[in-house]
Chemist: 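Below are the structure tokens for one structure; questions will follow.
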2 protein chains.
Amino acid sequence: MTEEPSGGDLSRLRQLNGLAVIRALRDDKALTLTELAKRTGLSRASTEDVARELIGRGWVAEVEPTAGTVGRPARRYRFRADAGRVLGVDIGGHTIRALVTDLDGEVLNSATLAVTPQLGRRQRFAALDACVSTALAGAGVASDQIWSTGVATTGLVDGTGRVMLSDSLTEWTGVDLAAHLRRLVPAPVRVENDSKLAALAESWRGVARYAKDVVFLLAGVRTGTGLIIDGKLHRGFGNAAGEIGALPAAGWLRAPDHLRAWSGGKDEFEDVFLAARDGDRDAVRAVRRYTRDIAVGVSALVLTLDPELLVVGGGFSRSADLVVQPLRRELDRWCLRTPEIRVSTFGDEGVALGAVRLALEQVEAALSGGAELASAEIFGATGRN
Amino acid sequence: MTEEPSGGDLSRLRQLNGLAVIRALRDDKALTLTELAKRTGLSRASTEDVARELIGRGWVAEVEPTAGTVGRPARRYRFRADAGRVLGVDIGGHTIRALVTDLDGEVLNSATLAVTPQLGRRQRFAALDACVSTALAGAGVASDQIWSTGVATTGLVDGTGRVMLSDSLTEWTGVDLAAHLRRLVPAPVRVENDSKLAALAESWRGVARYAKDVVFLLAGVRTGTGLIIDGKLHRGFGNAAGEIGALPAAGWLRAPDHLRAWSGGKDEFEDVFLAARDGDRDAVRAVRRYTRDIAVGVSALVLTLDPELLVVGGGFSRSADLVVQPLRRELDRWCLRTPEIRVSTFGDEGVALGAVRLALEQVEAALSGGAELASAEIFGATGRN
DNA sequence: TACATTATTAAGGAGTCCATCATTATTGAC
DNA sequence: GTCAATAATGATGGACTCCTTAATAATGTA
């Protein structure tokens, strides 16, 4: 939300103060003017002025004053999260998920659709369209009410929203996801890799909320990573940051093979972990070998970035109790300082939440006067030049 | 230089505009009011007002108007880089170097002193003191005229300016460098690892000037790295970012052995490179093996960060023609996208320049109202609350 | 010398913020 | 029920910063 603080007009100052008020209101349920004034550092009079303007713009609303206190009851204000809606979509190999949320990221409705990695491009698009429509309909939101869309997909994504490379989805390389979604929902679209967005979700409202530098490990059938550096998602020059798995020495490609071997070559991993938890020798060994292979690459990430936190998410995080301990031991062997390790609590929904966050980042950029947004009635007025 | 743009007073706006003017003036030699106004986006009248105030504060000076143009000659303004002085110190194993510069980082005087890694703590401190004194005296600057000091040293450094761990310097672990330098020069001191500061120098005014994400490789007797992420030096939670050399798989510890073997175990590397350039089979092979060992770790850094640029500096960068090509080939083998590789042009002075930059960052932080600085006469007036 | 060009100076107006004080609404004690 | 005490609201005036416009000044060229 921070931008270059280059000076300017008086209106620029008003805009900054408006942003400060909104930020204060977003952090709390509702605040009185005096509280707001204290939090923003403005005088009461100015705060009132700013608040009045924000109400006029539709960003802020008044709520019932609370009774029961001494003195004249204060009017209280809240951020109008219901002023707009955003859409977050996760296009995975096995599921497509769409979330409709308000401007606080509060989920209004979600839709999930089972698919397979082998689906062709047209079928996958059809499933995507159906899933989005269901989510919108269930939330009672028309597509032109959506302010911004965020999309997660496997593979490498370029800056314009095109899939540059996807190993795990058939006929997916080269797809222009942004264009497709813009046809579906007339709002700005941003597309990003799923592991990166899962990391973003953790940093937004997950276990990595208070950490500045985070390595996120998506442990599942595929292994992926997302890096949060200085509180922001790090993409890299070619959007390929965190692809340490490409290094053969890291051994990420063969890592799941240890688990596959136990289950007879199939991609069914529930059982290995169950057996390992029951003490099955072979299963325990398979899990340990898997962890050891993963750990080399993770060590490279950790040594490179020296993060405060390592977050483990993805399908295997349900069996985190089996993975975290050996992982920590392995990291202790290689790293100068093993970071704290935490397990994601989002389950399957992390990626989609990250997509929501991506959409919200666009809204916030527009709020501070950067990008454009569809709903110009409200937004255009904010970016008055 | 960017901070949180939280709003506030009207004076805050003036401060922001003052900063914008200073920034514009620092980018150019000298500007007229009209040019300044265009660049800052302010009106001419306001620009004049701001400029007048900055002149009063000592930050800006008027220069001779240029003759020979049509119309009334415009007054021209420049940033007063001579308003203050900063000190940058590089404490290396074999040399201690001190630079005295103005606020533009223009070197006024430099002093170098040869030392050895085996020097005891007291002797090293004595050499340091002598070097700093020489540099100050040669520049005609008294120690209390220094606004800010930056220090580079080998090893891990903590946030308070204490050396947490130094392998290559004897009796250096645990030294409180910041405290020692504050006794020498009464100004705020910041201490940082030498490789990190060399990277900072490249990103400041070296070959990495225009890149946002950079991996800097210090190739020499020791191998070190510095990471620039999103234009800023990345330190890591424990200030240990980039220490990929700790990973045995990276092979950085044994890498110089290939070169040492050629020269009979001594730390004399000039000859190997000379011989290799002359086509000596064994020398060429030694260099290639060295490069191959280095490349694994570099690949890990590159795959992690996906930087735009890889900069090679340090002692071996003088023989860059021999190292860069094989390095690129090795990286092509491992990396998804090999970044552009450039060679530092700073020679030995890069680290000290980075220390200067560290000092200047402190000055700029104080300018934008963050930290405190010694010379309160000028600075205190800026941070008027 | 007149004119075109460009910069400076001055004045008036608008927007934003702050401090202060009178006013209003509510609670709790008598 | 009346009266302090408390705390928020509303209104006024002042200060600061920026912008626009118009008049004035300095230089080069025809």
Side-chain angles (χ1 to χ4, degrees), chain A residues 5-22 24 30-57 60 62-78 369 381-385, chain B residues 5-21 24 30-57 60 62-78 369 381-382 384-385:
Chain A
S6 70
D9 212 333
L10 284 200
S11 65
R12 166 77 175 152
L13 185 60
R14 172 50 76 90
Q15 189 191 11
L16 289 176
N17 285 335
L19 277 174
V21 165
I22 287 184
L31 292 174
T32 71
L33 270 185
T34 339
E35 289 165 338
L36 251 183
K38 189 176 294 175
R39 228 162 275 222
T40 55
L42 297 179
S43 74
R44 224 203 77 97
S46 304
T47 314
E48 188 174 3
D49 212 34
V50 172
R52 200 192 334 272
E53 187 181 327
L54 289 175
I55 289 177
R57 291 253 166 74
V60 168
E62 225 176 305
V63 299
E64 290 282 287
T66 46
T69 51
V70 182
R72 178 172 179 169
R75 293 191 304 200
R76 294 162 70 238
Y77 301 88
R78 66 169 175 86
T382 305
R384 63 234 160 86
N385 297 320
Chain B
S6 71
D9 211 336
L10 284 200
S11 65
R12 167 79 175 149
L13 185 60
R14 173 49 78 87
Q15 190 192 11
L16 288 176
N17 285 335
L19 278 174
V21 165
L31 292 173
T32 69
L33 270 184
T34 337
E35 289 166 339
L36 251 183
K38 190 176 293 176
R39 230 163 273 219
T40 56
L42 297 180
S43 75
R44 225 202 78 97
S46 305
T47 313
E48 188 175 2
D49 212 33
V50 172
R52 201 190 335 271
E53 188 181 329
L54 289 174
I55 288 177
R57 290 251 166 75
V60 168
E62 222 176 307
V63 299
E64 291 282 286
T66 46
T69 52
V70 182
R72 177 173 178 168
R75 293 193 304 203
R76 293 162 71 239
Y77 301 88
R78 68 171 174 85
T382 304
R384 62 232 159 87
N385 296 321

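Here is the naming used below: chain letters follow the sequence lines, and residue numbers restart at 1 for every chain.
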Chemist: Using a cut-off of less than 4.0 Å, is there contact between a side-chain N or O of B/N17 and OP1 or OP2 of D/dT17?
Modeler: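 Negative; the distance criterion is not met.
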Chemist: Specify the separation, in whole Å, of atom CG of A/L31 and atom P of D/dA7.
Modeler: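 Interatomic distance, CG of A/L31 to P of D/dA7: 18 Å.
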Chemist: Between atom OG1 of A/T40 and atom CG of A/N17, what is the distance when rounded to the nearest 0.5 Å?
Modeler: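 A/T40 atom OG1 to A/N17 atom CG measures 7.0 Å (nearest 0.5 Å).
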Chemist: Atom CG of B/L13 and atom P of C/dT16: how far apart are they, to the nearest Å?
Modeler: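 Computing the B/L13:CG to C/dT16:P distance gives 11 Å.
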Chemist: Report the distance from atom CZ of A/R14 to atom P of D/dT17, rounded to the nearest whole Å.
Modeler: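 Whole-Å distance recorded here is 17 Å.
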Chemist: Quick one: B/D49 CG to D/dT17 P, roughly how many Å, whole number?
Modeler: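 My rounded result for the distance is 8 Å.
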Chemist: Enter the distance from B/R57:CZ to B/I55:CD1 here, rounded to the nearest 0.5 Å.
Modeler: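 Here the interatomic distance stands at 12.5 Å.
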Chemist: Which nucleotides of nucleotides 8-13 of chain D have their base under 4.0 Å from a protein heavy atom (B), which only their sugar-phosphate (S), and which neither (-), written as one string 5' to 3'?
Modeler: BBS---
Chemist: Does B/S43 make a side-chain N or O approach to OP1 or OP2 of D/dC18 shorter than 4.0 Å?
Modeler: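 So the side chain of B/S43 is outside the cut-off, no N or O lying under 4.0 Å from OP1 or OP2 of D/dC18.
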Chemist: In chain order, what residues pass the side-chain hydrogen bond (donor to acceptor under 3.5 Å, both in side chains) check against A/R75, with sequence neighbours excluded?
Modeler: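 By the side-chain hydrogen bond (donor to acceptor under 3.5 Å, both in side chains) rule, A/R75 matches A/Y77.
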Chemist: Can you measure B/E35 atom CD to C/dT6 atom P for me and round it to whole angstrom units?
Modeler: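 About 12 Å, once rounded to whole Å.
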Chemist: Rounded to whole angstrom units, what separation is found between the NZ atom of B/K38 and the C1' atom of C/dA7?
Modeler: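 Spelled out: NZ on B/K38 to C1' on C/dA7 is 14 Å.
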Chemist: Calculate, to the nearest 0.5 Å, the distance between atoms CG and CG belonging to B/L36 and B/L42 respectively.
Modeler: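 Those atoms lie 9.0 Å apart.
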Chemist: Within the structure provided, determine whether A/D9 and A/Q15 are in side-chain contact (heavy-atom separation under 4.5 Å).
Modeler: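 Result no, sub-4.5 Å side-chain heavy-atom pair not found.
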Chemist: Just the rounded figure in Å: distance from P of D/dT20 to CG of B/L42.
Modeler: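 To the nearest whole Å, that distance equals 11 Å.
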Chemist: Measure across A/L31 and A/A24 and return the closest heavy-atom pair with its distance rounded to 0.1 Å.
Modeler: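 Of all heavy-atom pairs spanning A/L31 and A/A24, the closest is CD1-O, 3.8 Å.
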Chemist: Give the angle between the helix axes at the two ends of the helix from C/dT1-D/dA30 to C/dC30-D/dG1, taking five base pairs at each end and rounding to 10°.
Modeler: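 If I round to tens, the end axes sit 10° apart.
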Chemist: For B/L10 and D/dT17, give me the distance from atom CG to atom P, rounded to whole Å.
Modeler: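 Going from CG in B/L10 over to P in D/dT17 covers 7 Å.
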Chemist: Can you identify which nucleotide, out of D/dC18, C/dT16, C/dC18, has its nearest atom closest to the A/D9 side chain?
Modeler: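 Closest of the options to the side chain of A/D9: D/dC18.
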Chemist: If I compare all heavy atoms of B/V50 with all of B/G18, which pair ends up nearest, and what's the gap?
Modeler: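 Looking at all heavy atoms of both residues, the shortest contact is CG1-CA, 3.7 Å.
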Chemist: Distance check, rounded to the nearest 0.5 Å: B/R14 atom CZ versus A/L13 atom CG?
Modeler: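 Between atom CZ of B/R14 and atom CG of A/L13 there are 13.0 Å.
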Chemist: Distance check, rounded to the nearest 0.5 Å: A/E48 atom CD versus A/T34 atom OG1?
Modeler: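 Those atoms lie 10.0 Å apart.
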